[in-house]
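First up is the structure itself, then whatever we jot down about it.
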Number of protein chains: 2
Amino acid sequence: MPRTLRADAARNRDRLLAAARELFAEQGVDAPLEEVARRAGVSIGTLYNHFPNRGALLDQVLPERLAELDVLAAAALVDADPWHGFTAFLDGMFAMQARDRAVNEAVTRNPVGAVGVAAECGRAGGVVESIVARARGAGVLRADFGPADLATLIWAMSTVITMSAGDDAVWRRHLGFVLDGLRVR
Amino acid sequence: MPRTLRADAARNRDRLLAAARELFAEQGVDAPLEEVARRAGVSIGTLYNHFPNRGALLDQVLPERLAELDVLAAAALVDADPWHGFTAFLDGMFAMQARDRAVNEAVTRNPVGAVGVAAECGRAGGVVESIVARARGAGVLRADFGPADLATLIWAMSTVITMSAGDDAVWRRHLGFVLDGLRVR
DNA sequence: TAGCAACTTGAGGTCCCCCTCAGGTTCGCG
DNA sequence: CGCGAACCTGAGGGGGACCTCAAGTTGCTA
């Protein structure tokens, strides 16, 4: 096992990651690995040289995206308006799920707050709980809304996002209805 | 092509339908047909003798269940309280989706109101629109809620139902939140 | 620039599901 | 009964995706 990658190997690795990012975003985490190799212009054997299984590939690709959630979550926590912070976080997260089907599936199968596909996911979990708690504490979010309810909301939205096939207006409209039910007047 | 089925053939057909009902309910519309044959105690060839493809099997099994929706819908329309009629219909439909995964998938892929897996589904569609219109007309359902929004709600609930794996309390709780957002106070 | 380790290749084994059809079995009529 | 039509069987061909590995190629170092 060499300390550093040979030049061609490094290039192939990068291409594979780029192809994986693309295809997973389009088709989800179950996209055929042979298609990833094809798009990378590399043989299937090379793919398995670099990544022993699909999980290894996802472990490289998903955290990149999930880290973006951290930014969203941090912004939500310091939002002057706790309700706006809460809704802006949700909107941002769902928008990302709409952009990247792999993220949509990952977040759904493994709701924020539980142990994650990646450690990053778990770290975000704590922050997310704080966002919910802050909105609840400010009296703008119904008092009985807990982390489990957020997970359920994510389940609900994931299919709406998938089925509305690129039309963000559809899931935003539905989210609006739900938030009306969650808000305290 | 005989006018009437031979006794053993009729028996096998019944067994196949029973097995299909069971397995589709458990595993959804993509359940392996070889497993259906196995449960029916019949060879895979016999299954294809009776039903040329998966669709033919579903066409026999799904309408049975979807017809139950008609009963629900009819009851909703004559409910003294339009809001209760609306919510009771939804609760009943989602409860059925929770009981039968094939129904869950069928209703989701092909939302009530559009052309259906079966003609029965289409017939129910009109009634469902009436239920929505009645609740809206009575001023208890928000005025901007249309049939498309119902389809979206069905998408949303289908995953919640699947993920909550038999615990009806989970999806009922979420539905409660959403209905709070849909109701006019 | 020679030579070896590092890397790539793609045919092919495995698995799971689809569906078919030639040959054997059973029903039920006459 | 006995015979023909109706029916059943399950091995097997086809396809898609997974993953492996022996043989060939290429980058890099000395």
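Since the model is a prediction, treat every value here as computed from it, not as a measurement. We name chains A, B, ... by the order of the sequence lines, and we start the count at 1 in each one.
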## Note on the structure
Within residues 21-47 of chain B, those residues having any heavy atom closer than 4.0 Å to DNA chain D are B:Val42, B:Ser43, B:Ile44, B:Gly45, B:Thr46
### Query
Which pairs count as ring pair (Phe, Tyr, Trp, His ring centres under 6.0 Å) when at least one residue sits in residues 48-71 of chain B, sequence neighbours excluded?
none
How long is the straight-line distance from [atom2] of [Y] back to [atom1] of [X], given to the nearest 0.5 Å?
X	Y	atom1	atom2	value
B:Asn53	B:Leu33	CG	CG	9.0 Å
A:Arg99	A:Ile161	CZ	CD1	10.5 Å
B:Leu141	B:Leu150	CG	CG	9.5 Å

### Message
Using the rule side-chain contact (heavy atoms from CB on, under 4.5 Å), only one of B:Gln97, B:Arg65, B:Met157 pairs with B:Val107; which is it?
### Response
B:Gln97
Distance in angstrom units between [X] [atom1] and [N] [atom2], rounded:
X	N	atom1	atom2	result
A:Asn53	C:dT14	CG	C1'	17 Å
B:Leu57	C:dC17	CG	C1'	15 Å
B:Arg15	D:dC8	CZ	P	11 Å
B:Asn49	D:dT9	CG	C1'	9 Å

### Summary
Regarding the side chain of B:Asn12, the nearest nucleotide among C:dT8, C:dC18, D:dC8 is D:dC8
### Task
Over 60° means perpendicular and under 30° means parallel, so classify the ring planes of A:Trp171 and A:Phe94, tilted if in between.
perpendicular
#### Entry: Parallel, tilted or perpendicular: rings of A:Phe86 and A:Phe145 (30°, 60°)
perpendicular
### Nucleotide-resolved protein contact map, nucleotides 25-30 of chain D, B/S/- at heavy-atom distance under 4.0 Å
-BSS--
### Query
Would you say D:dC19 has OP1 or OP2 under 4.0 Å from some side-chain N or O of A:Tyr48?
yes
### Task
Look at B:His50 and D:dC7 and indicate whether a side-chain polar atom (N or O) is within less than 4.0 Å of OP1 or OP2.
no
#### Entry: Short side-chain to backbone donor-acceptor contact, A:Trp155 and A:Thr108, under 3.5 Å
yes
